[in-house]
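Below: the structure, in structure tokens.
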Amino acid sequence: MPHNTYHQHFADFGERIWLNTASEGAIPLVAAEALKEACEWKLHPYELTLRRFREVPERLKINLSRLLNVYPTDVILGNSATYGIHLLANGLPFQAEDEILVMQNDFPTNILPWLALEEKGVRIRQMVSENSVISPTELYAYITKRTKVVCLSHVHSFTGHMLDIAAIGHYCRQRQIIFVVNISQSCGNIPLNLTELPVDAVTCAAFKWLCGPYGTGFCWMTSSLRERLDYNQASWGLLTAEELAGTGPLKPILSKEARRYDVYGTANFFNFYPLAKAVELLLEIGVSQICQHNQQLVQMFLEKLDRSCYEILSPLAPLPLTSLMVISHKDPQRNPGIFRILLEQGIYSALWKGKIRFSPHLYNRQSDIVKTLDIIHREGKL
Ligand SMILES: Cc1ncc(COP(=O)(O)O)c(C=O)c1O
């Protein structure tokens, strides 16, 4: 599939340009078709067959597992990236004085779920980095004998900088520290092979680079980590046909299978069926092809950006760059105004912490970058 045809898989945005996938990705047409099909099932509830109840989550888990090279039976379906972190924060057995390391100024999903543990005497240390993401050396200085978990984003939402997962993961593994990575800003955009990465758990919002509906996400953790969860999650969907048919007392669900931790209402036809179709499309195109496509747009933008008026805050190396480009006018006070003018012209970026973020994906073309640059150059004249 040639790169310049990817936009055909999505709705026509007319004159508008969506450069904000880091907040929300568009769903592809095949996902919209799946949603229509799921509506038909609900309009005619006899179409909500047991087979569909089973197949919708199964199919999604298979697709997600292919994306990350893991077993489908280890994928846990959720509604956000927050969901996976809560499973760990509420399910792992922490003691007073244990330490959890997160990074100050990371996306709140990676911090908030842990903070309630402070009431139990667990210390949540919000590390400070000199740069946009914590470097391995900076992290090592925070590690103590009480460090139990390190939880960070793979790609930082506000600057586009990428974490050195391999170095940090190996270091944590040698010390039996649980390493949790939020892949919401990389999965679907950068190839990831979890069998080769020293991570214990990943969590991901599926409504950005995976082009799924809002309210979808998933997590994955090693089976040994899952075994350590002590979390009361029990849904009737886990009962066997015999148990469901029986009339006697029920027993508690003690299984530690991943599916026990799926978000309740796991078949979730309106969300998970379109997401499964969206991921199928990404697999068909191939994440490395998607990465190449996005790289071309990112490199074009960064190369042509007038550096006499603008500073680039996102990384310029190593390759592949992330698809999150963050820039600031040399006079940062002008950023909100430039953001607003872009919006008036139908160009959707994001204004985070006073800086402008652009995040192109499959539906964007070179002409989108040219038009955006024209406007920011015109408006940014010193
Ligand atoms: C790294 C990261 N995690 C998570 C989210 C979304 O949060 P959640 O899926 O927990 O609602 C975002 C952005 O919206 C993000 O950038």
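Here, residue 1 is the first one in the sequence, and each next residue gets the next number. Atoms considered below: every heavy atom in the structure, side chains included; atoms not considered: hydrogens, waters and symmetry mates. All ligand and atom numbering here is 1-based and tracks the order in the structure.
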Of the side chain and backbone of [X], name the one, both, or neither that has a heavy atom under 4.0 Å from an atom of ligand 1.
X	answer
Thr82	both
Tyr83	neither
Ala81	both

Run the numbers for me: atoms of ligand 1, each under 4.0 Å from some heavy atom of [X], listed by number.
X	value
Gln185	15 (C), 16 (O)
Asn182	1 (C), 2 (C), 3 (N), 4 (C)
Phe207	9 (O)
Ala205	9 (O)
Ser80	8 (P), 9 (O), 10 (O), 11 (O)

> Heavy atoms only: which of Lys208, His86, His154 is nearest to atom 12 (C) of ligand 1?
Replying inline: Lys208
N or O pair under 3.5 Å between [X] and ligand 1:
X	answer
Thr109	yes
Ser153	no
Ser157	yes

>> I'd like to know whether the aromatic ring centres of His7 and Tyr363 sit less than 6.0 Å apart in this structure.
In response: no
>> Centroid separation under 6.0 Å, is that true for the rings of Phe218 and Tyr83?
In response: no
> For the ring pair (Phe, Tyr, Trp, His ring centres under 6.0 Å) test, which of Phe339, Tyr310, Phe301, Trp18 pairs with Phe358?
Replying inline: Phe301
> Considering residues, nucleotides and ligands other than Arg66, do more than 12 of their heavy atoms fall under 6.0 Å from its CZ?
Replying inline: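 Not buried by this count: 12 neighbours or fewer within 6.0 Å.
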> Any non-hydrogen atom of His156 lying under 4.0 Å from ligand 1?
Replying inline: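 For ligand 1, residue contact (heavy atoms, under 4.0 Å) with His156 is absent.
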How far apart are the closest heavy atoms of [X] and [Y], and which atoms are they?
X	Y	value
His361	Gly188	CE1-O, 3.7 Å
Ala26	Phe10	O-CE2, 3.5 Å
Met325	Pro360	CE-CD, 3.8 Å

> Do Leu64 and Leu210 come within less than 4.5 Å of each other through their side chains, counting heavy atoms only?
Replying inline: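 Result yes, sub-4.5 Å side-chain heavy-atom pair found.
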> Any salt bridge between Arg226 and Asp74, counting N to O under 4.0 Å?
Replying inline: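 Yes.
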> For atom 5 (C) of ligand 1, what is the nearest protein heavy atom, given as residue, atom name and distance?
Replying inline: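 Checked against all protein heavy atoms, atom 5 (C) of ligand 1 sits closest to Phe107 CE2, 3.4 Å.
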